[in-house]
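Below is one structure, written out as structure tokens; the observations come after it.
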Amino acid sequence: MSRLCVGSSHAYKVRISIKTALGNQAYVWNDNEMYLFRAAMAFALRSYHNGQEFNVSNIMVCNETPRVSFWFVVSSPENSSVLLKKGDVENAIRKSRNRINGAFLLTDQTLEFIDIPPTLAAPVMPVTPPWLIVFGVVMGAVGAGIIFLLVSSLVQSKRKKNKKTLDEDREDMRGIENGLGCDNLGGVYNTTFSDGDKFTPM
Amino acid sequence: MGSSVEERPKWDNKIQYLLTCIGFAVGIGNVWRFPYLCQIYGGGAFLIPYLIALVFEGLPLLYLEMAIGQRLRLGSIGAWNSISPFLGGVGIASMIVSLLICLFYNTIMAWILWYFFHSFQNPLPWTQCPLNENRTGYNAECEKSTPVNYFWYRETLNITRSIDDSGSLQWGLVICLASAWCVLYICFIKGIESIGKAVYVTTTFPYLVLTIFLVRGLTLPGATDGLVYLFTPDWDILMNPQVWLDAATQIFFSLSVAFGGLIAFASYNDEKNNCERDAVLVGIINSATSLYASIPIFSILGFKANNAYNACLQGNILDLTNEFDISDQNITTENYDDWLAYLNRTFPDKLARVVLTPCDLEKFLDQSASGTGLAFIAFTEAVISMPGSQVWAILFFIMLFSLGLSSMFGNLEGVLTPIRDLKLVPKWIPSSVFTGIACLMCFLIALIFTQGSGNYWVEVFNSYVGSVPLLIIAVFEVIGVIYIRGMKTFSDDILFMNGRRPNIYWKICWWFISPVMLVVVFIAYVVIQIQKHPVYPAWNPDYEEFPDTETVPYPNWVFAIIILLSSVPVIPIPLVAIYRLIRREMRRSSTSGDLTPHCNDGLEVENFQQMSQST
């Protein structure tokens with residue numbers, strides 16, 4: 001079986017990095033894990049080619065290294081000396097990539113099929129960008145504060161003006177009580193300082 | 001009495017005044033400019049020129065401004081008119097500079113708000129590249145540079161290739177700019193009543209955040225590398241005159257003198273207030289804050305460099321592991337060198353085929369950044385690797401916003417107080433409406449900074465408005481107070497306010513050391529600037545060495561605008577002097593037809609001074 005695998009042009013290289021993915025909880029790669037891999041490949045091919053019954057025996061592995069990396073080929077269920085073309089294998093793997101990754105607790109980066117680039121996950125875009133929500137909250141609070149402060153200062157200044165006119169009436173009364181208004185004091189209006197006012201720029 | 005003389009507003013208490021001045025002096029530059037200068041100028045050694053500049057240039061200027069404002073109780077234009085009618089132009093110059101700085105400074109606040117709003121997402125938007133159109137890979141521009149760079153240059157600024165190309169208004173930035181102006185307005189709405197309350201938060205909050213970051217930063221791996229690199233003194237650098245120039249300019253701009261804002265704030269004080277103590281306090285706290293801020297900043301940058309170094313090593317390790325089919329994780333960062341030596345002995349030609357990137361921790365530490373590069377690129381990248389990134393990003397941007405907001409108070413105050421003192425505003429407009437109109441107009445003008453080329457324009461304004469004009473204004477301030485008003489009169493003012501005359505240190509600094517230092521700094525600045533045609537870094541995706549920025553010379557029309565920006569603020573100084581001189585000559589030589597017998601020329605100037613002092 002492994003004769004078909006070695007040096008075949010239809011073979012794919014697989015590279016697995018368990019310690020990088022799992023750290024302390026890494027499992028050891030042994031023959032049982034390899035069997036699981038072959039079974040996962042068979043599953044992927046079965047789901048892609050509906051009807052064809054692939055078996056573990058159809059998946060042949062060779063050139064295993066301590067890295068953990070190896071090559072594999074897939075033979076057709078009808079004729080075990082005919083190998084499946086690369087394109088078919090690639091599509092099958094692409095379709096079930098998540099399931100294969102999940103079986104080994106690995107990711108696209110730690111379970112690599114050389115020459116099969118992983119499909120990129122589209123970033124999740126919520127309907128309303130979250131930043132607009134935050135902006136709306138902040139601006140709403142600031143805008144409400146501005147309106148509140150403006151209105152309250154307007155109300156205050158109106159109240160002060162009413163109070164002032166009341167006071168002025170009282171003062172006019174006071175002036176007249178004494179019998180002397182400021183205008184009625186008599187004397188000559190001193191023009192020296194009034195001209196000074198005009199000529200003195202601010 | 002029914003008189004219409006308004007009482008000048010006052011601070012509620014001394015703390016408000018101090019916090020406002022400290023907030024004005026302590027700004028974003030303390031966080032993103034000082035640590036950078038410290039690093040490139042030999043770490044601990046930079047503190048020497050910095051402290052010398054503080055003692056001989058910063059503190060005297062600060063004291064001078066606060067004393068003048070407190071004594072004359074007027075904003076910058078009124079104050080300089082009081083000292084001498086020929087110096088009225090100095091006040092106008094301060095006002096123009098403050099106005100120009102308001103415009104671009106609030107744009108930086110808009111950028112900070114943008115990042116703040118975007119920090120409420122998981123994952124942070126600058127962690128990943130977006131996909132390209134046909135979903136086959138990541139966006140090309142993002143791939144070549146980094147996601148953080150892409151988010152800043154493309155998604156935030158949508159920057160154009162050069163300053164010639166204006167691009168379009170970025171609506172996201174427009175609404176952030178509107179928010180920044182609204183937040184500023186709500187703090188200004190009741191004048192110093194509302195500012196005085198706002199500064200309790202805006203001035204103290206950054207210290208809280210800096211302390212949190214200090215603790216967090218020091219516990220990160222790689223922090224000590226960053227700190228050691230920052231503070232290791234390189235004494236040879238003191239021979240380089242550029243260091244002294246930069247120390248003097250940094251102190252000067254950091255303390256925010258010559259803006260007119262400090263005069264305005266001091267004018268709302270009691271007359272008998274110890275402004276000497278205030279000035280020394282503000283100056284020392286400003287420098288202490290710079291030092292304090294550089295510790296967390298450099299811890300975090302050290303952490304970032306450490307991460308980059310480890311990532312570089314891991315890349316090499318992966319290449320080696322794959323090439324030689326060694327078991328996963330057998331090569332680690334610790335035994336990397338041993339493995340490399342072993343492989344070189346046993347399989348040298350196979351090793352030569354592997355392309356290894358050279359990993360140098362010093363090179364990563366050297367990637368220093370200042371200004372927007374520090375906040376929006378270096379720091380945001382570091383934050384991604386910290387657990388709980390959103391919290392750190394939010395805290396950081398709120399801190400920057402507070403720092404900038406308290407500085408904006410001073411900038412805007414330097415514009416509004418002179419206008420109010422000149423009584424240019426009709427009485428029927430309440431002051432809050434007038435402030436609103438001013439903010440609205442500034443916002444509309446500042447929309448030019450939200451275009452595609454906005455960042456380039458901010459750089460232009462930052463480099464040329466906030467430098468030469470301020471130096472010139474400061475020189476005239478010192479000359480005006482010490483030589484025209486007279487050291488004796490000024491000492492009397494201080495005796496009146498503080499209860500004792502200024503001691504010999506202040507006198508020598510004002511009389512001689514500070515003006516000389518300012519003139520030297522000014523001349524050196526101009527000499528360095530005119531030696532080469534000014535250039536700027538442009539973000540050009542088509543550049544061969546992208547993602548490095550392309551160094552492009554400013555086109556001639558921009559160069560003309562630069563000249564205008566540097567000179568228009570200072571033109572009022574000679575113009576007003578000449579105008580007053582001409583008017584005085586004309587009045588002296590005019591015939592008696594104009595003069596009334598009781599209009600005595602000799603009394604005119606004194607009347608003028610009395611009138612303006614009593615308002």
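In what follows, chains are A, B, ... by sequence order, proteins preceding strands, each numbered from 1.
When each of B:L318, B:N322, B:T321 is checked for heavy-atom pairs under 4.5 Å with chain A, B:N322 comes out on top.
Contacts between residues 187-198 of chain B and chain A, counted as heavy-atom pairs separated by less than 4.5 Å, involve B:I189, B:K190.
Partner A:F135 forms a ring-ring contact (aromatic ring centres under 6.0 Å, His included) with one of B:F116, B:W171, B:F117 and no other, that one being B:F117. Partner of B:S432 under the side chain to side chain contact (heavy atoms under 4.5 Å, CB included) criterion, chosen from A:L149, A:L150, A:I146: A:L150.
For A:T20, the parts lying under 4.5 angstrom from a heavy atom of chain B are both the backbone and the side chain. Residue contact with chain A, scored on non-hydrogen atoms closer than 4.5 Å, involves the backbone and the side chain of B:I175 alike. Contact annotation for A:V137: neither backbone nor side-chain heavy atoms come within less than 4.5 Å of a heavy atom of chain B. Contacts between B:Y138 and chain A at a heavy-atom distance below 4.5 Å involve backbone atoms as well as side-chain atoms. Only the side chain of A:L132 comes within less than 4.5 Å of a heavy atom in chain B; its backbone stays farther off. Only the side chain of A:S152 comes within contact range of chain B, with at least one heavy atom under 4.5 Å from a heavy atom of that chain.
The environment of B:Y579 atom OH is sparse: at most 12 non-hydrogen atoms of other residues, nucleotides or ligands sit within 6.0 angstrom. Residue A:D31 qualifies as open at atom CG: its count of foreign heavy atoms under 6.0 Å is 12 or below. Counting heavy-atom neighbours within 6.0 Å of A:Y27 OH, excluding the residue itself, gives a total above 12.
Aromatic ring pairs are classed by plane angle as parallel below 30°, tilted from 30° to 60° and perpendicular above 60°; the pair A:W131 and B:W114 is tilted.
Without hydrogens or angle criteria, B:D328 side chain to A:V68 main chain gives no donor-acceptor distance under 3.5 Å.
Contact record, A:V142 with B:I186: O-CD1, 3.6 Å, taken as the closest heavy-atom pair.
Using a 4.5 Å cut-off on side-chain heavy atoms (C-beta onward), B:S327 and A:R67 make no contact.
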